[in-house]
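See structure below.
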Amino acid sequence: IGGVLAVENAVIHYGVGMDIGCRMSLSIMDTPISYLDGAKDKYKKALADHTKFGMYETHKSHVEHEIFDRDTFDLIPILRRLKGKAIKQMGSSGGGNHFVEFGEVEITEEDEQINLPKGKYLGILSHSGSRGLGAEIAQYYSRVATEQCPLPKEAQNFAWLDLNTHLGLEYWTAMNLAGDYASACHDDIHRRLVKAVGGRVKTRIENHHNFAWKEIHNGKEVIVHRKGATPANENELGMMPGSMTAKGFIVRGKGNPDSLNSASHGAGRAFSRGECRSRFTQNDLKNELKLKNVTLMGGNAEEAPMAYKNINEVMNAQSELVDILGTFQPRIVRMDR
């Protein structure tokens, strides 16, 4: 369900992962929830026309975003080389378990940060990361770290970069840019969909994983890596997905020091993608979708709901880490083909 690692004054690329800054983003709308059934074709068309997935799909038009004005792109050679790709892939999502979906939000506990009364709302939920920009940053500094920090073969993944060195600071700068870029991609995805379907965003909840943070624990500054795990600092909001048919949960962190103020990213896989290909058929997937009244656009048996752990059991197991404020039930899901 995720890994959490704290070290002093160093960053470990493997503890961050390949998809730097991968994140969840939930927009809660003022649109009546009944529209999801009554205008279902409009919402399907919006996902078909305004979301892009995988390595090759990109939007035809792009809006200016402040992130591309940052001088960070000019300070580091690899970022300068990747800027064009980042512009091209803005507002797109990755393959695999990444998705954009319309669904039903239910607020079950009022919170001043969410600032909404208890009830049901239409929501947009997206899961994706920093695209080719983050992947190439990760690949490049993975090689650099391995060269700079030779370790036995079985431990090579834990090669680190010292943050007192030029290369360590380079990676830290590039990682933070990739995280901001991932957030900008979600902004663009939600902007396009809201424009297509109408309505107004009442509140937005975001959290990310596959990242490293400077934090104080036990009175000491450390670098906390969360790969497939999310920050759960006291009163910090987050969104934990289940599967394409299972509810996800809106949560508020408790700041439990035993977990380094961390919690799970979501349900986590019960079966690997390879196992799913041999265990589940497209028919199995269709039957499960029909049973749960979920419409899927794209996707395959590798991401079948049966591939994931029971999200309710996962949430029960981390009751000391987060409080539950509400849920998100997927209704129309778009994934890579």
Side-chain angles (χ1 to χ4, degrees), residues 2 13-14 16-27 47-60 62 65 67 78-79 82-102 124-142 174-193 206-211 226-230 239-244 248 265-269 272-274 276-277 296-304 307-308 330 332-337:
H13 68 87
Y14 188 74
V16 171
M18 294 299 292
D19 193 6
I20 298 172
C22 190
R23 64 203 295 117
M24 304 300 307
S25 183
L26 172 66
S27 289
L47 286 173
D49 293 347
H50 299 287
T51 61
K52 303 295 179 183
F53 284 83
M55 292 176 62
Y56 306 111
E57 289 187 1
T58 56
H59 292 289
K60 291 179 181 176
H62 298 280
H65 195 283
I67 196 166
I78 187 172
L79 297 183
L82 291 171
K83 185 175 181 179
K85 175 179 278 192
I87 293 171
K88 188 176 180 182
Q89 291 187 330
M90 169 62 81
S92 65
S93 306
N97 64 347
H98 294 148
F99 58 76
V100 183
E101 49 198 31
F102 288 107
I124 302 170
L125 181 64
S126 53
H127 173 222
S128 191
S130 49
R131 311 295 286 111
L133 173 69
E136 293 204 36
I137 289 170
Q139 289 168 1
Y140 173 75
Y141 287 100
S142 170
M175 179 196 73
N176 276 280
L177 181 68
D180 290 344
Y181 174 75
S183 180
C185 279
H186 284 271
D187 288 345
D188 196 50
I189 291 166
H190 288 236
R191 178 192 63 80
R192 290 173 187 270
L193 289 175
E206 281 192 282
N207 62 277
H208 58 303
H209 49 279
N210 290 13
F211 209 69
R226 296 183 178 96
K227 184 178 181 182
T230 54
M239 178 70 214
M240 296 179 176
S243 71
M244 64 174 70
H265 160 32
R269 298 188 74 94
S272 70
R273 290 183 172 87
C276 288
R277 286 193 292 271
L296 176 64
M297 305 164 66
N300 55 51
E302 290 183 8
E303 294 301 326
Y308 287 85
I332 307 172
V333 179
R334 172 94 202 270
M335 303 184 80
D336 195 14
R337 282 164 169 61

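Excluded from the calculations below are hydrogen atoms, water molecules and symmetry mates; all remaining heavy atoms, backbone and side chain alike, are included.
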Review point. Looking at side-chain heavy atoms only, is the closest gap between H265 and M24 below 4.5 Å?
Key: yes
Exercise for review: Say whether, by atom type as modelled, one donor and one acceptor occur between the side chain of N210 and the main chain of G228 under 3.5 angstrom.
Suggested key: yes
**Study point:** Any donor-acceptor N/O pair, E136 side chain to G132 backbone, under 3.5 Å
**Key:** no
Check your understanding: Does some side-chain heavy atom of V333 sit less than 4.5 Å from a side-chain heavy atom of L47?
Key -> no
Exercise for review: Could you tell me which non-hydrogen atom of M244 sits nearest to which non-hydrogen atom of E303, and how far apart they are?
Suggested key: CE-O, 3.1 Å
Review point. Of all residues at least two apart in sequence or in a different chain, which pass the side-chain hydrogen bond (donor to acceptor under 3.5 Å, both in side chains) check with H13?
Key: none
**Study point:** Side chain proximity check, S183 to E206, heavy atoms < 4.5 angstrom
**Key:** yes
**Study point:** Check: S126/H190 side-chain N/O donor and acceptor closer than 3.5 Å
**Key:** yes
Review point. Quick one: does C22's side chain get under 4.5 Å of H98's, heavy atoms only?
Key: yes
Review point. With sequence neighbours excluded, what pairs up with R131 under the salt bridge (Lys or Arg N to Asp or Glu O under 4.0 Å) test?
Key: none
Practice item. Say whether, by atom type as modelled, one donor and one acceptor occur between the side chain of D19 and the main chain of S130 under 3.5 angstrom. Key: yes
Practice item. Taking the side chain as every heavy atom from C-beta outward, state whether M18 and Q139 have any atom pair closer than 4.5 Å. Key: yes
Exercise for review: For S128 and S93, work out which heavy atoms get closest and say how close.
Suggested key: OG-CA, 3.3 Å
Practice item. Could you tell me whether the side chain of Y308 reaches within less than 4.5 Å of the side chain of N97, counting heavy atoms only? Key: yes
Study note, to complete from the structure: Given the options L82, V16, L177, I137 meets side chain to side chain contact (heavy atoms under 4.5 Å, CB included) only with L82
Practice item. State the NZ-NZ distance between K52 and K60, to the nearest 0.5 angstrom. Key: 7.0 Å
Review point. Does I67 reach the side chain of M90, with side-chain heavy atoms less than 4.5 Å apart?
Key: yes
Practice item. To the nearest 0.5 Å, tell me how far S27 OG sits from L125 CG. Key: 9.0 Å
Point to revise | Within residues 179-188 or reaching into it, pairs that qualify as salt bridge (charged side-chain N to carboxylate O under 4.0 Å, His left out) - sequence neighbours excluded | key: R70-D180, D187-R204, D188-R191, D188-R192
Exercise for review: Would you check if the side chain of H65 reaches a backbone N or O of A184 as a donor-acceptor pair within less than 3.5 Å?
Suggested key: no
Point to revise | Shortest non-hydrogen separation from G179 to F211 and the atoms involved | key: CA-CE1, 3.9 Å
Exercise for review: Answer whether the closest heavy-atom distance between the side chains of F99 and P241 falls below 4.5 Å.
Suggested key: yes
Point to revise | Worked verdict on R269 versus C276 for side-chain contact (heavy atoms from CB on, under 4.5 Å) | key: CA-CA 10 Å; R269 298 188 74 94; C276 288; 3.5 Å; yes
Review point. Which heavy atom of G242 sits nearest a heavy atom of A267, and at what distance?
Key: O-CB, 3.6 Å
**Study point:** Those residues that, when tested against A301, pass side chain to side chain contact (heavy atoms under 4.5 Å, CB included) (two or more places apart)
**Key:** F280, Q282
Review point. Do you know the tightest heavy-atom contact between E57 and T51?
Key: OE1-O, 4.2 Å
Point to revise | Intermediate values then yes/no, side-chain contact (heavy atoms from CB on, under 4.5 Å), M297 and I332 | key: CA-CA 8 Å; M297 305 164 66; I332 307 172; 4.1 Å; yes
Point to revise | Under 3.5 Å donor-acceptor, K227 side chain and Y14 backbone | key: yes
Check your understanding: What residues form a side chain to side chain contact (heavy atoms under 4.5 Å, CB included) with K88, not counting sequence neighbours?
Key -> T58
Point to revise | For the student: nearest non-hydrogen atoms of A178 and I20, plus distance | key: CB-CG2, 3.8 Å
Exercise for review: Could you walk me through whether R337 and F53 pass side-chain contact (heavy atoms from CB on, under 4.5 Å), step by step?
Suggested key: CA-CA 8 Å; R337 282 164 169 61; F53 284 83; over 6 Å; no
Exercise for review: Under the salt bridge (Lys or Arg N to Asp or Glu O under 4.0 Å) rule, collect the residues that match up with E302, sequence neighbours excluded.
Suggested key: R277
Point to revise | Distance (rounded to the nearest 0.5 Å) between E101 CD and I124 CD1 | key: 11.0 Å
